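The structure appears right after this line, and notes come after that.
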Amino acid sequence: MLSDIGLTALRWNRAMTSQTPDEELRHTASTTSTLYAAMTLSIVAALCLPSAGRAQQSPRSACDKTDTMFAVTPTVPDNADALRKYERNVSGLSSDVATVMLGDSLVEAWPRELSATLGAGPVANLGVGRDRIQNTLWFIEHDREQLRKIKPTTVVVLVGTNNIYLDKPCGVMESYRKLFGEIRSLWPNGKIYSIHILPRGEQMKGAAENIGYVNSELSRRSKELGIRTIDAANVACAMTTPCANYKSDLLHLTPSGYDILTKIIRDGIGAS
């Protein structure tokens, strides 16, 4: 990528030395803009590469203390809109909430008429788009006093897909361990239902090895973590794409996807 920038700069210098002074002045703004754009795109590409690289690590790679610290440290969201959503969510809580939903955009976008069927009483959807597990931890820590005012008997958690390309799988598990502990501390009488990270990407192969490992570990360690897990992979059209249950980004769900997911969750809660 740096060689591309160098080539662009070389062409720019050649163009500049072959022009008259008047032409040089007229040409400077456009060529400088082109060079700046090329450099910016290259830097952006460079920043994106490490995440893809981390996603290719073996799911069994061990976490060092830095990985663990990153995984369990509550983190403020990266945009003010998320903070506004947190405040709006807690300000609208009623004391009779029976079911709480925590998670990322997959939770936030859950159609209200469907999410309302997940519990016997009022359901509070506290999902916020783009959240990683560390952001949900921050939300609980930051709004703990408001959240203590409700006493849900059911807590539905769907979060983690935004971690899977950034954290080692062992780090994702550390994040979950911390999150479930915080939920139990906050609502000791609530049953925690953790929905497995949903399949994603072309032919549902996006980070599939890491997702599979994390989901397997969640199920294997569910008693230790104090949770009940729900495998919702049936929403993924037998792992083929295109899939009518997913939007074109192959991450977010369509109305039919939420219909199926809601039924899976209801059955999972009812069977426990």
Side-chain angles (χ1 to χ4, degrees), residues 44-45 47-57 59 71 75 77-79 81-82 85-86 89 101-115 118 125-139 156-169 171-173 175-176 179 193-219 229-265 268:
V44 170
L47 290 173
C48 291
L49 286 174
S51 294
R54 281 195 291 270
Q56 302 307 309
Q57 295 181 72
T75 305
D78 62 2
N79 65 92
D81 282 343
K85 289 175 184 176
Y86 288 154
N89 285 343
M101 302 173 68
L102 292 171
D104 49 40
S105 57
L106 290 166
V107 173
E108 183 182 0
W110 211 303
R112 181 173 297 183
E113 68 275 11
L114 293 177
S115 63
L118 294 177
N125 185 331
L126 305 182
V128 173
R130 294 175 55 155
D131 262 13
R132 294 181 295 118
I133 302 171
Q134 292 93 330
N135 302 135
T136 307
L137 280 168
W138 186 89
F139 167 55
V156 177
V157 179
L158 177 54
V159 67
T161 195
N162 294 326
N163 290 77
I164 208 67
Y165 280 102
L166 294 171
D167 304 346
K168 289 180 180 178
V172 179
M173 288 305 301
S175 296
Y176 276 128
L179 176 62
Y193 295 89
S194 178
I195 306 171
H196 281 176
I197 298 175
L198 299 182
R200 58 184 290 175
E202 289 290 342
Q203 302 305 316
M204 301 300 166
K205 292 181 179 179
E209 188 177 8
N210 288 351
I211 290 174
Y213 176 83
V214 169
N215 287 344
S216 176
E217 283 294 286
L218 283 172
S219 293
T229 59
I230 298 177
D231 183 353
N234 283 346
V235 76
C237 301
M239 300 298 185
T240 61
T241 57
C243 174
N245 299 329
Y246 280 71
K247 293 184 177 181
S248 59
D249 62 6
L250 297 177
L251 169 62
H252 296 95
L253 301 181
T254 61
S256 66
Y258 278 110
D259 282 337
I260 294 171
L261 183 60
T262 301
K263 183 179 186 306
I264 291 171
I265 307 312

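Small disclaimer: the values here were computed from a predicted structure and weren't measured.
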Check your understanding: Going by heavy atoms in the side chains, are L198 and T161 under 4.5 Å from each other?
Key -> no
Review point. Just how far is it from atom OG1 of T254 to atom OH of Y246, taken to the nearest 0.5 Å?
Key: 10.0 Å
Review point. Got a second to check how far Y193's OH is from M101's CE, nearest 0.5 Å?
Key: 14.0 Å
Point to revise | Close side-chain approach of E217 to P59, heavy-atom, < 4.5 Å | key: no
Revision key, fill the gap. Heavy atoms of P77 and W138 approach each other most closely as CD-CE3, 3.9 Å
Exercise for review: Return the set of residues passing side-chain hydrogen bond (donor to acceptor under 3.5 Å, both in side chains) with S115 (not counting sequence neighbours), or none when no residue passes.
Suggested key: none
Revision key, fill the gap. Residues at least two apart in sequence or cross-chain that pass side-chain contact (heavy atoms from CB on, under 4.5 Å) with T240, listed by chain then number, are Q203, C237
Exercise for review: Measure across M204 and C243 and return the closest heavy-atom pair with its distance rounded to 0.1 Å.
Suggested key: CE-CB, 4.1 Å
Practice item. Check whether any side-chain heavy atom of R200 lies under 4.5 Å from a side-chain heavy atom of D249, and answer yes or no. Key: no
Check your understanding: With D81, which residues qualify under salt bridge (charged side-chain N to carboxylate O under 4.0 Å, His left out), at least two apart?
Key -> R84
Check your understanding: Would you say the side-chain atoms of N162 pair up with the backbone N or O of D104, donor to acceptor, closer than 3.5 Å?
Key -> no
**Study point:** Euclidean distance, L114 CG relative to I260 CD1, rounded to 0.5 Å
**Key:** 11.5 Å
Check your understanding: To the nearest 0.5 Å, how far apart are CD in E113 and OG1 in T262?
Key -> 8.5 Å
**Study point:** E209 side chain near P169 side chain, heavy-atom distance below 4.5 Å
**Key:** no
Revision key, fill the gap. Of all heavy-atom pairs linking I211 and G206, the shortest is CD1-O, 3.4 Å
Practice item. Please collect all salt bridge (charged side-chain N to carboxylate O under 4.0 Å, His left out) contacts where either partner lies in residues 128-139, sequence neighbours excluded, each pair once. Key: D78-R130
Revision key, fill the gap. Closest non-hydrogen atoms of A207 and I164, given as atom of the first, atom of the second and distance, are CB-CG2, 4.1 Å
Study note, to complete from the structure: Value for CG (L261) from CG (L106), rounded to nearest 0.5 Å, stands at 8.5 Å
Point to revise | Side-chain (Y176) to main-chain (V159) donor-acceptor, under 3.5 angstrom | key: yes
**Study point:** Y213: partners by side-chain hydrogen bond (donor to acceptor under 3.5 Å, both in side chains), with sequence neighbours left out
**Key:** none
Review point. Are the side chain of N125 and the backbone N or O of V107 linked by a donor-acceptor pair below 3.5 Å?
Key: yes
Exercise for review: Please report the C-alpha distance between I265 and W110 in whole Å, then the side-chain angles of each, then the deciding distance to 0.1 Å, and finally whether the side chain to side chain contact (heavy atoms under 4.5 Å, CB included) criterion is met.
Suggested key: CA-CA 12 Å; I265 307 312; W110 211 303; 3.9 Å; yes
Review point. Considering all heavy atoms of both residues, which atom of S219 and which atom of H196 are nearest to each other, and what is their separation?
Key: OG-NE2, 2.9 Å
**Study point:** Distance-only side-chain donor-acceptor flag, N135 / T75, under 3.5 Å
**Key:** no
Check your understanding: Got a donor-acceptor contact below 3.5 angstrom from the N245 side chain to the V235 backbone?
Key -> yes
Exercise for review: Look at the side chain of S256 and the backbone N and O of A244, then say whether any donor-acceptor pair between them is shorter than 3.5 Å.
Suggested key: yes
Practice item. Name all residues meeting the salt bridge (charged side-chain N to carboxylate O under 4.0 Å, His left out) criterion together with K263; count only those two or more places apart in sequence or in a different chain, and write none if there are none. Key: D267
Practice item. Rounded to the nearest 0.5 Å, what's the gap from CD1 on I197 to CG on L218? Could you check? Key: 7.0 Å
Practice item. Kindly say whether Q134 contributes a backbone atom to a donor-acceptor pair with the side chain of S175 at under 3.5 angstrom? Key: no
Point to revise | Distance-minimising heavy-atom pair for A71 and G171 | key: CB-O, 3.1 Å
Check your understanding: Going by the angle between their ring planes, with limits at 30° and 60°, are F139 and Y86 parallel, tilted or perpendicular?
Key -> parallel
